[in-house]
Amino acid sequence: MGVAHWHCVALQVCGTVAVDKGDLAQTGLVALATSSLTSSATVNSNCAGRGRVSKPQVSSVKIEHDCRSVVASSTTPPISAFSTPRPRPAEEEAITMAPADINVDVLVIGAGPTGLGAAKRLNQIDGPSWLIVDSNETPGGLASTDVTPEGFLYDVGGHVIFSHYKYFDDCIDEALPKAEDWYTHQRISYVRIKSLWVPYPLQNNVSMLPQEDKLKCVDGMIDAAIAARTATTKPKDFDEWILRMMGEGLANIFMRPYNYKVWAVPTTKMQCAWQGERVAAPDVKTCVRNVILNKSAGNWGPNATFRFPARDGTGGIWIAVANTLPKEKTLFGKQGEVSKVNADAHTVTLKSGKTIGYKKLITTMAVDQLVEQMEDKELVTLSKGLFYSSTHVVGVGIRGARPERIGDKCWLYFPEDDCPFYRATIFSNYSPYNQPDKSVKLATQFIADGSKPKSTEPQKGPYWSIMLEISESSLKPVDQANILRDSIQGLINTQMIKPDDEIVSTYHRRFDHGYPTPSLEREGVLKELLPKLQAKDIFSRGRFGSWRYEVGNQDHSFMLGVEAADHIVNGAVELTLNYPDFVNGRQNTERRLVEGSQIFRNKATDKADAAGAAKVIDIEANKAGVINGTNELPARDRAPSKTASSTHARKSSKSVK
């Protein structure tokens with residue numbers, strides 16, 4: 001994204017850093033992120049007017065120490081631009097809290113990726129007191145994994161690991177450090193359409209469609225390219241964006257029906273600022289060339305290569321991350337269930353009746369449910385403008401060797417109405433431990449066509465599995481009573497399985513909050529709602545906490561929590577929340593698990609008082625690792641209790657059938 005296309009907004013930081021306006025993406029916003037790499041004592045010193053650090057001025061865009069603002073840019077003005085002035089770090093504030101059973105500086109609600117990211121960063125900074133609570137005994141949230149009684153694993157949605165952030169990589173590699181903890185896959189994805197398997201993304205592979213459909217798609221793309229030359233306005237919604245970028249042919253053949261199946265709302269009811277790297281825009285010349293040469297396009301997107309944990313599914317990652325936190329700072333299970341948030345008193349009441357007082361609250365619960373618990377009528381009314389769809393996850397375990405027609409496919413897309421699901425994942429391809437070993441004896445529950453098996457005696461495998469996702473909304477109702485039957489029939493219709501396949505295990509779980517819809521109303525609501533909450537010292541973050549699907553992957557969600565913690569403690573700008581296109585367009589390598597706190601701390605004093613009485617820091621010496629005239633780098637300062645004091649085990653889901 002070029003600087004010329006950005007709107008001017010005010011961001012809040014401390015310190016003085018010069019920014020080269022000719023390379024803002026590499027210098028300007030990165031400077032805001034790296035301001036969070038110092039320890040809390042260091043940043044307090046800078047913010048208090050001591051230890052001023054500056055770099056040579058390069059150009060006219062500059063971050064000022066005293067005013068704590070920088071002129072930057074974004075296609076969507078950041079939330080911070082609409083919020084009240086940056087609060088002082090938690091240690092500097094004198095917030096009066098009502099009497100409570102427990103008091104902490106920062107309370108984190110939710111132990112999914114976002115909450116664990118916040119807790120991980122707070123634990124690393126080792127400054128403000130903190131506590132993380134969750135009503136589930138097992139960490140993971142919407143990135144957890146269930147196990148059927150027969151031993152088949154299913155993630156609660158399609159999750160794989162690909163990352164935009166080194167800090168995220170550091171944390172999961174610390175949690176699962178061995179090479180044998182992971183499998184690395186090349187994405188092999190297709191779109192099932194016209195009884196064909198067309199490589200993903202379809203808009204780059206129209207050459208694989210039947211002749212008549214090729215013609216419609218190419219005609220539409222050419223018309224769209226010509227119209228784009230004279231367009232003077234931005235698309236008013238997602239549907240218009242599709243027409244302008246791809247044309248009528250692709251819109252009707254794939255984009256409209258598929259996105260309706262995913263989002264459970266028509267494309268005319270969605271805004272178009274969320275796509276970024278989520279939707280591939282076709283290159284007309286390349287598409288025409290491939291049509292003429294009858295060639296397919298190569299892999300596209302950030303997840304063309306991805307990792308998956310060898311054991312315990314995606315949920316195993318977050319159990320392992322939670323196990324690196326001190327157990328005494330976690331409160332999981334029924335004892336951690338929140339029943340009320342009192343923003344005025346800065347207290348949270350648990351279902352047990354116990355109260356927790358806080359100075360700052362990072363909450364990952366769905367923001368519409370949060371304001372209900374706050375009993376804030378104004379915010380409840382405001383949240384009514386946010387929309388979401390529900391998601392059904394269906395799993396099918398099958399006896400037999402994986403068929404050749406399935407091969408090493410990863411996930412598959414289904415835009416047509418011959419099946420209820422929009423995506424299928426061959427979950428058994430991700431890890432051999434996602435299904436029982438072939439030596440395990442399982443009974444056949446039924447035949448895929450619905451008939452009874454000839455024998456119900458348990459027999460050996462091998463086994464393979466498919467995970468399906470189905471959306472639901474008031475505009476797209478689902479027959480929940482027959483969803484399993486309809487899903488299996490859809491698998492037969494799309495030739496994923498055969499009518500005589502033996503089904504040995506099934507799974508179904510519904511998530512009320514499945515996808516945060518990027519509706520036309522979303523930005524107007526968020527620009528009011530999130531700042532109003534933040535003014536009450538509540539940082540609502542995460543997939544449904546901040547309601548931004550474009551930064552809703554696991555790495556994004558984790559970093560939303562990390563950056564919220566850095567903002568609270570150090571006043572750093574939350575780049576992921578405010579600049580989705582920026583963080584998605586680069587590898588964010590500045591913040592690191594070790595260097596982020598230990599190497600960039602003020603080595604002159606590790607015990608500065610909360611008022612910021614640290615000595616002036618030589619940042620360059622810190623970066624170079626100069627300690628007493630040597631180039632020695634400090635060892636990781638982490639007590640054993642911070643890496644292995646908590647244990648969490650995943651339990652079988654109560655929602656399996």
Side-chain angles (χ1 to χ4, degrees), residues 13 25-26 29-40 42-43 106 108 111-127 130 132 139 143 160-177 181-182 302-303 306-307 309 314 317-318 320-325 362 364 539 541-543 546 551-580 582-601 622-623 633-634 636-638 642-643:
V13 296
Q26 296 300 317
L29 292 181
V30 174
L32 311 188
T34 55
S35 70
S36 67
L37 298 181
T38 53
S39 69
S40 59
T42 295
V43 175
V106 183
V108 181
T114 304
L116 290 174
K120 188 70 179 173
R121 188 60 167 170
L122 290 166
N123 193 50
Q124 179 190 6
I125 293 171
D126 198 19
W130 61 274
I132 181 171
V160 296
I161 293 294
F162 59 97
S163 172
H164 303 81
Y165 309 87
K166 287 302 295 181
Y167 188 83
F168 173 81
D169 298 337
D170 289 346
C171 290
I172 64 172
D173 286 342
E174 179 201 37
L176 296 174
D181 289 334
W182 299 94
N303 56 6
F306 64 91
R307 292 196 294 167
T314 295
I317 301 170
W318 302 109
V321 170
N323 284 339
T324 67
L325 300 173
I362 299 175
T364 70
F539 293 74
R541 301 292 183 265
R543 184 179 179 91
S546 42
V551 283
N553 286 340
Q554 292 180 89
D555 62 329
H556 296 126
S557 297
F558 186 79
M559 294 306 296
L560 284 170
V562 170
E563 293 175 9
D566 274 338
H567 179 79
I568 289 171
V569 177
N570 298 329
V573 171
E574 299 177 73
L575 296 183
T576 301
L577 175 69
N578 296 322
Y579 293 96
F582 175 76
V583 295
N584 285 335
R586 66 189 298 273
Q587 282 296 315
N588 302 277
T589 61
E590 295 75 27
R591 185 187 279 104
R592 300 300 299 270
L593 182 58
V594 177
E595 291 89 341
S597 182
Q598 286 83 2
I599 288 180
F600 280 82
R601 71 173 185 258
N622 271 271
K623 288 182 179 178
L633 290 178
R636 176 177 298 176
D637 297 330
R638 176 169 288 130
K642 292 186 178 181
T643 58

Nearest 0.5 Å please: distance from the [atom1] atom of [X] over to the [atom2] atom of [Y].
| X | Y | atom1 | atom2 | answer |
| --- | --- | --- | --- | --- |
| Leu116 | Ile132 | CG | CD1 | 4.5 Å |
| Phe582 | Asn584 | CZ | CG | 11.0 Å |
| Ser163 | Asn588 | OG | CG | 8.5 Å |

Close side-chain approach of [X] to [Y], heavy-atom, < 4.5 Å:
| X | Y | answer |
| --- | --- | --- |
| Met559 | Val551 | no |
| Val569 | Arg121 | no |
| Asp173 | Arg307 | yes |
| Gln554 | Thr314 | yes |
| Asn123 | Trp130 | yes |
| Val108 | Phe539 | no |

Can you check whether [Y]'s main-chain N or O pairs, donor with acceptor, with [X]'s side chain at less than 3.5 Å?
| X | Y | result |
| --- | --- | --- |
| Asp170 | Arg592 | no |
| Gln587 | Lys166 | no |
| His567 | Val573 | no |
| Thr114 | Ser557 | yes |

Exercise. Does the pair Ile317 and Leu176 meet the rule for a side chain to side chain contact (heavy atoms under 4.5 Å, CB included), with working shown?
Worked result: CA-CA 7 Å; Ile317 301 170; Leu176 296 174; 4.1 Å; yes
Exercise. Going through the distances and angles, do Glu563 and Leu577 end up as a side chain to side chain contact (heavy atoms under 4.5 Å, CB included)?
Worked result: CA-CA 9 Å; Glu563 293 175 9; Leu577 175 69; 5.6 Å; no
For this session: Under the side chain to side chain contact (heavy atoms under 4.5 Å, CB included) rule, what do His164 and Thr576 come out as? Steps first, then yes or no, please.
Result: CA-CA 10 Å; His164 303 81; Thr576 301; over 6 Å; no
For this session: Could you label the plane-to-plane angle of the Phe168 and Trp318 rings as parallel, tilted or perpendicular, counting under 30° as parallel and over 60° as perpendicular?
Result: tilted
Problem set entry | Worked check of side chain to side chain contact (heavy atoms under 4.5 Å, CB included) between Asp566 and Arg591 | CA-CA 11 Å; Asp566 274 338; Arg591 185 187 279 104; 2.8 Å; yes
Problem set entry | Partner set under ring pair (Phe, Tyr, Trp, His ring centres under 6.0 Å) for Tyr165, not counting sequence neighbours |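 Applying ring pair (Phe, Tyr, Trp, His ring centres under 6.0 Å) to Tyr165 gives none.
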Locate the shortest heavy-atom distance separating [X] from [Y]; write the atom from each residue and the value.
| X | Y | value |
| --- | --- | --- |
| Ile362 | Ala565 | CD1-N, 4.0 Å |
| Cys171 | Lys120 | SG-CG, 3.8 Å |
| Leu560 | Ser546 | CD1-OG, 3.7 Å |

